[in-house]
There are 2 protein chains.
Amino acid sequence: MGLGKRTDFGDAKYAGLDVPFSCDIVQTLESALQCGFDFVMAPLVHPRYRRPAPSALPRGTFQPPFTRSDLLLTSGQWSGQVVGKVSPWIDCDSASPALARDSRAALQQELAWAAHLSLQAVALPPPPQPLAAANYARLLNQALGSLASMALWLRIPAAAPAAAAGSDGDAGGLGGSSGSSLAGDPWEWWNQLRFLCHHNTRLGVVLELGADLPSEGSLLRWRGEPLKAVLVPTSIFQTNKRGYPALSKRHQEFLGECFRRGVQVVLSGAAQHAPPAPPAGNAAAVGPGGEVAAAAAVQQDSLRVYWEYLSYIFRKIEATSEQEMVEMGYRDYLQSPLQPLQDNLESQTYETFERDGMKYSTYEEAVYRCLLDRVPEEEAESRTTVLMVVGAGRGPLVAASLRASVRARRKLRVFAVEKNPNAVVTLQNRVVADGWQGTVTIVPADMREWEAPEQADILVSELLGSFGDNELSPECLDGAQRFLRPDGVSIPQAYTSYLQPITSHKLWNDVRAYDDVEHFETAFVVKLFKFCPLAPTQEVFTFEHPNRSHSIDNTRSIRLQFDCTPPGGTGKLRPWPPASSGLPAATCRCCRPLVCLPSWLCHGFAGYFDARLYKDVHLSIHPPTHTPNMFSWFPIYFPVRTPFYVPQGARMEVHMWRCAGQHKVWYEWAVTQPLASPIHNPGGRSYHVGL
Amino acid sequence: MGLGKRTDFGDAKYAGLDVPFSCDIVQTLESALQCGFDFVMAPLVHPRYRRPAPSALPRGTFQPPFTRSDLLLTSGQWSGQVVGKVSPWIDCDSASPALARDSRAALQQELAWAAHLSLQAVALPPPPQPLAAANYARLLNQALGSLASMALWLRIPAAAPAAAAGSDGDAGGLGGSSGSSLAGDPWEWWNQLRFLCHHNTRLGVVLELGADLPSEGSLLRWRGEPLKAVLVPTSIFQTNKRGYPALSKRHQEFLGECFRRGVQVVLSGAAQHAPPAPPAGNAAAVGPGGEVAAAAAVQQDSLRVYWEYLSYIFRKIEATSEQEMVEMGYRDYLQSPLQPLQDNLESQTYETFERDGMKYSTYEEAVYRCLLDRVPEEEAESRTTVLMVVGAGRGPLVAASLRASVRARRKLRVFAVEKNPNAVVTLQNRVVADGWQGTVTIVPADMREWEAPEQADILVSELLGSFGDNELSPECLDGAQRFLRPDGVSIPQAYTSYLQPITSHKLWNDVRAYDDVEHFETAFVVKLFKFCPLAPTQEVFTFEHPNRSHSIDNTRSIRLQFDCTPPGGTGKLRPWPPASSGLPAATCRCCRPLVCLPSWLCHGFAGYFDARLYKDVHLSIHPPTHTPNMFSWFPIYFPVRTPFYVPQGARMEVHMWRCAGQHKVWYEWAVTQPLASPIHNPGGRSYHVGL
């Protein structure tokens, strides 16, 4: 029935119930559904039924059916309402050869049975031997290769049980970093299995919450991972004043965060609260299932209060803004950057960008301030400022400049230069329709070639890409600045790109799905969503306009170093941006103050820009200074060919180059620490922007 | 003219001379050739000519030619007798922006010029900023991508200069291993550049020797690397009693080792020895060039004694054995393992294997001892031993068994079982030709299906692959043992496989050249040559025959751990095999006692086997116990998809599985430390042996 009516969190609205083994799965499922849940997580075989491997039995030994019949439910019920659970005794890496052998056979048998039932997913126990689970990994990997579409959900505790946390076992010494206790960090368990299974997209994680949540950094790291569900035991609920179950504030926040990211919740364990029967009025509030539930089994009926609580958490999350709703379809979706110089944009693309009111009002403000600065009040009537819009498109910057001129009471003569003949049609029509005659001259030309009849006071452009200079704003403005007066102003005056390492299992796998080198060497525009920023951003390249150097060189190179948390610093909150930077504190969810993360897995780099339009008027998609409500740019994503691990206390070093040839501009990038990667995109072989 | 007449070391016979810049390159080359050398390593541009990058000059600035004309030599001379040298002042990663800019331009200019001259190779200075040479790497990588066939030889000092060895600079903290001084190990410089250039096969190394050679381990590591030449400065020569230059014993050994591996030598520096003029008789000994050389330039004539010394080292290397000559063509050449069960061998293949006298005399010895053990002297006449050869091929084991019977004076009845109908023709003919009538019965059948008329005392087979069980000897013998008497003997009685991590740039690149996943998941038979074993071998799987278990399971799994030298242990000699093992000390070059290596790069694993034919009669290709003069098996090579670095002090852990399905047997393998790799060959998808 769903935890609520809202549809903006995808599958997160469907909650599951972890049920014990029952021969009468029909009744079990029925009760769970009546209780409000949408599916059950049910053992495939009785969890205490340890059976010997067939190979260990004499030939012809009678084998009873190892579990109940598939005829109990319809195939639609199996596939839509049941997630299978693999037996908890299975330990494929056991030191006991017999247990290991029986475990392997049982695991294969249960996975084959689950596939036979067409289950969508099977939940797997955490590796019993953390970081020494190679045999387990081998069987999972084999299953991923052979089972058509069934997903494997690996259960991983959010915090390691005390025993594992204490010792490193046999597994230490990773990368020579002694003293680290990898086995005590369950993310490491997942990370090793994920690598052994070669980042298979059908291997996901079910995070098991405990009464104590691990450090903020540990939780944060899961944001970039394929988290499928969160397991919430009834035992971690507290009791509120009225006797009802409730979660701690931190648990509530984390659960809300999971819902927002489309992660499902699964309740586990027996009811531990028996609140007084709700008054009649309350039943209506929790949905139409209320009356029916009353007739269901006592045990599961008593879980109703937990479901209601989960529903309450789900429903209380603040409404998604209209802008977020629009952007939802773009989340983690790889887009190739525009090639505005080579290609002409389509009407639809112009329309989308023009809808960004915030962007144009910021431009208007920049032109307004510039006009006031350049033309004193006493010359307002006598002096006409020449403003050229280079890359005018369908005219939004022309309109913004004219609005600024009205507000500033300064006279303006505008040249609108546009190379796209189709956009020129719109411009020419607007001259008549919007009464621009005598003020605006339309110039159908490439700004790099046009011979201007006079020099401009102000050169306005919107040529920035997600990474600032990546759509060749520097080259275009260098070409256009020859018709700017010596004291003229370019709007923007400067722009800087920023970079940060990120974890994003999904994005990296989407790039890998192309199965070629080219896409690993391409930067993509993408609305980052299921990702985890691993360190504060750092500045990359800055360009200033006009550029009066005697010989302009727009190539750049930089080395950036990102430090992983020193050992012992785990989880300590580190305010970001630092107070000393003078930047406003970041508040939006995607860039809230970063905390120290233990170790990392880096899938590549997220890039942003911050442009200074005029003096302190900025246009920015750099998280700490993001222009509010502006949606014209998503971040850029530079993938790496192989995700790489950065152990706690290590340094990550990346090089980025902006290169230029006669007909193209491109980036190359490489990691040099902790280990060197290949240099990506040599000579722009996979990705470049044409001049 | 070559350092000697022998041709068994390939290009190593051609020595080069590192010459200073000279406008008269014709004379320089001529003198070097007359001195005995076959090529010169000559600066492309005057080494002190630091010129500004064109982009830094005002337009239209007059640029003089930056070097001498290409017309001075013919293109044949340029490509056949000159290796170019890039200017030593070039520092693309300099902290000075101007120097870095000029360096990049000059490097590109010189590489382009060298390509214009069709040089075969260009020698590059060592990275001036070790481990911080990303800009240098980028330009080299770009050149490797665009220059058609020219090789780049990176000069790397064998031992770091004192300054670099002391500090780690900015580059430390690799993998969190603090305290290591990576910049002090020039192999690390190479390793970083090689990774950044993505293991390009046209990037090689010129090792610059100094007066002091680094530890044995440091030198050993270069065996698996693409070493193109060794640079020997005149300054490191000592003076012998007669005033002639000579090298230290250790230098001599290393140089000899290089020659054997086809590595060229290049002499550098001015003459520092002036021995008395040789008596007339001596001139003849050094070759026909002697008289002409006398007329050449004084400086280069005085280098003649060095050339003679190099020639002496070259010529004194012991002669290559006939067997080595035969195997030479197979060195580092990847062969797919045989599939003797699925495919029938060709006559030629039988012929090659039958030539291995050592193998069959070892079998003969095993049968001989077994006959003596089973039939006491007093029953020699009355008792006939039934011996079955399963997989008889064209009969070599039949013949060996018959020879054993004659030597032992024991009576024998032989069944020769062979499934290949073509080999059966040979067998049937041999019955007549070799007088086997009445003793040998030919059985054209698959041993797994044949119904034997009586039970055998001895079951003889040669079904072993390079990795022991990899050609399915276990499955075949399990099938055949049903016609073995309960007290019968299988020859072999048991076999064990061994594994060790290796560095082999060439093999890994040859696998990569297939450009698919399949070949990275295939084991290859290969005569390992340019490789470096990284740790002593360890046992993998053992099989014993007959196998009387009530249910036979031939699947296996194992986890092996190899420790990299602990920090501080660098270069300390570690005897291998350990004295306590009772194994004979290894003596052949490919397996002489291993020393501790600093850090590693692992390209995969070398596999071997040791079979116990009967009691202490072994057949082995396991280096410490290799049966002398036996050539039927080369080692096996298991590649890894990505070469991985193992820092000093770390542990490497690998898992190997032998898996079996209904119709096939295959291996899977994975690395789990220092970092997890994907599991290779899941489900035998890329490589399996058919049953």
Side-chain angles (χ1 to χ4, degrees), chain A residues 55-59 100-101 131-132 134-135 137-138 141-142 144-146 170-178 180 191-199 550-551 553 557 559 561 564 567 642 644-645 647-651 653 655 657 659 668 670 672-679 682-683 685, chain B residues 55-59 100-101 131-132 134-135 137-138 141-142 144-146 170-178 180 191-199 550-551 553 557 559 561 564 567 642 644-645 647-651 653 655 657 659 668 670 672-679 682-683 685:
Chain A
S55 67
L57 294 172
R59 281 196 188 192
R101 180 200 61 209
L131 297 185
N135 289 294
R138 189 181 81 79
N141 190 47
Q142 211 167 59
L144 290 165
S146 61
D170 231 10
L174 190 148
S177 66
S178 58
S180 74
N191 193 45
Q192 190 183 63
L193 281 166
R194 167 248 300 276
F195 264 86
L196 288 169
C197 294
H198 207 207
H199 310 271
H550 82 276
S551 138
D553 181 3
S557 79
R559 178 179 73 163
Q561 297 183 320
C564 195
T642 312
F644 60 95
Y645 176 82
Q648 191 167 78
R651 167 171 290 177
E653 184 177 86
H655 292 258
W657 291 275
C659 311
E668 300 187 18
T672 45
Q673 283 192 52
L675 291 168
S677 74
I679 294 172
R685 66 177 177 189
Chain B
S55 66
L57 294 172
R59 283 197 186 192
R101 180 200 60 209
L131 298 184
N135 289 295
R138 189 180 81 79
N141 190 48
Q142 210 167 61
L144 290 165
S146 61
D170 232 9
L174 190 148
S177 66
S178 58
S180 74
N191 193 44
Q192 189 182 64
L193 281 165
R194 166 247 300 277
F195 264 86
L196 288 169
C197 294
H198 208 205
H199 310 269
H550 83 275
S551 139
D553 181 3
S557 79
R559 177 179 74 164
Q561 297 183 321
C564 195
T642 313
F644 60 93
Y645 176 83
Q648 192 167 77
R651 166 170 291 176
E653 183 177 86
H655 291 259
W657 292 273
C659 312
E668 299 187 19
T672 44
Q673 283 192 51
L675 290 169
S677 75
I679 293 172
R685 67 176 178 189

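Each chain gets a letter, A, B and so on, in the order its sequence line appears, and its residues count up from 1.
- Taking both residues in full, the closest heavy atoms of B:A676 and A:L196 are given as CB-CG, 4.1 Å, listed atom of the first, atom of the second, then distance.
- Contact of B:A137 with chain A is made through backbone and side chain together, with heavy-atom distances under 4.5 Å.
- The distance from atom CG of B:L675 to atom OG1 of A:T642, rounded to the nearest 0.5 Å, is 11.5 Å.
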message: One pair to check against side chain to side chain contact (heavy atoms under 4.5 Å, CB included): A:C659 and B:R138. What are the steps and the verdict?
response: CA-CA 11 Å; A:C659 311; B:R138 189 180 81 79; 3.2 Å; yes
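- Closest approach of A:T672 to B:Q192, counting heavy atoms only: O-NE2, 3.4 Å.
- Shown here for B:N141 and A:P682, the closest heavy-atom pair between the two residues is ND2-CB, 3.3 Å.
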task: Carefully, step by step, assess A:Q142 and B:E668 under the rule side chain to side chain contact (heavy atoms under 4.5 Å, CB included).
output: CA-CA 10 Å; A:Q142 211 167 59; B:E668 299 187 19; 3.0 Å; yes
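- When each of B:S551, B:A134, B:A670 is scored by its heavy-atom pairs under 4.5 Å with chain A, the top score falls to B:A134.
- Among A:G683, A:S677, A:A100, the residue with the largest count of heavy-atom pairs under 4.5 Å with chain B is A:S677.
- Contact count versus chain A (heavy atoms, under 4.5 Å) is highest, among B:P678, B:S146, B:G145, B:S557, for B:P678.
- Using a 4.5 Å cut-off between heavy atoms, B:N191 makes no contact with chain A at all.
- For the set B:L57, B:N135, B:D553, the entry with the most heavy-atom pairs within less than 4.5 Å of chain A is B:N135.
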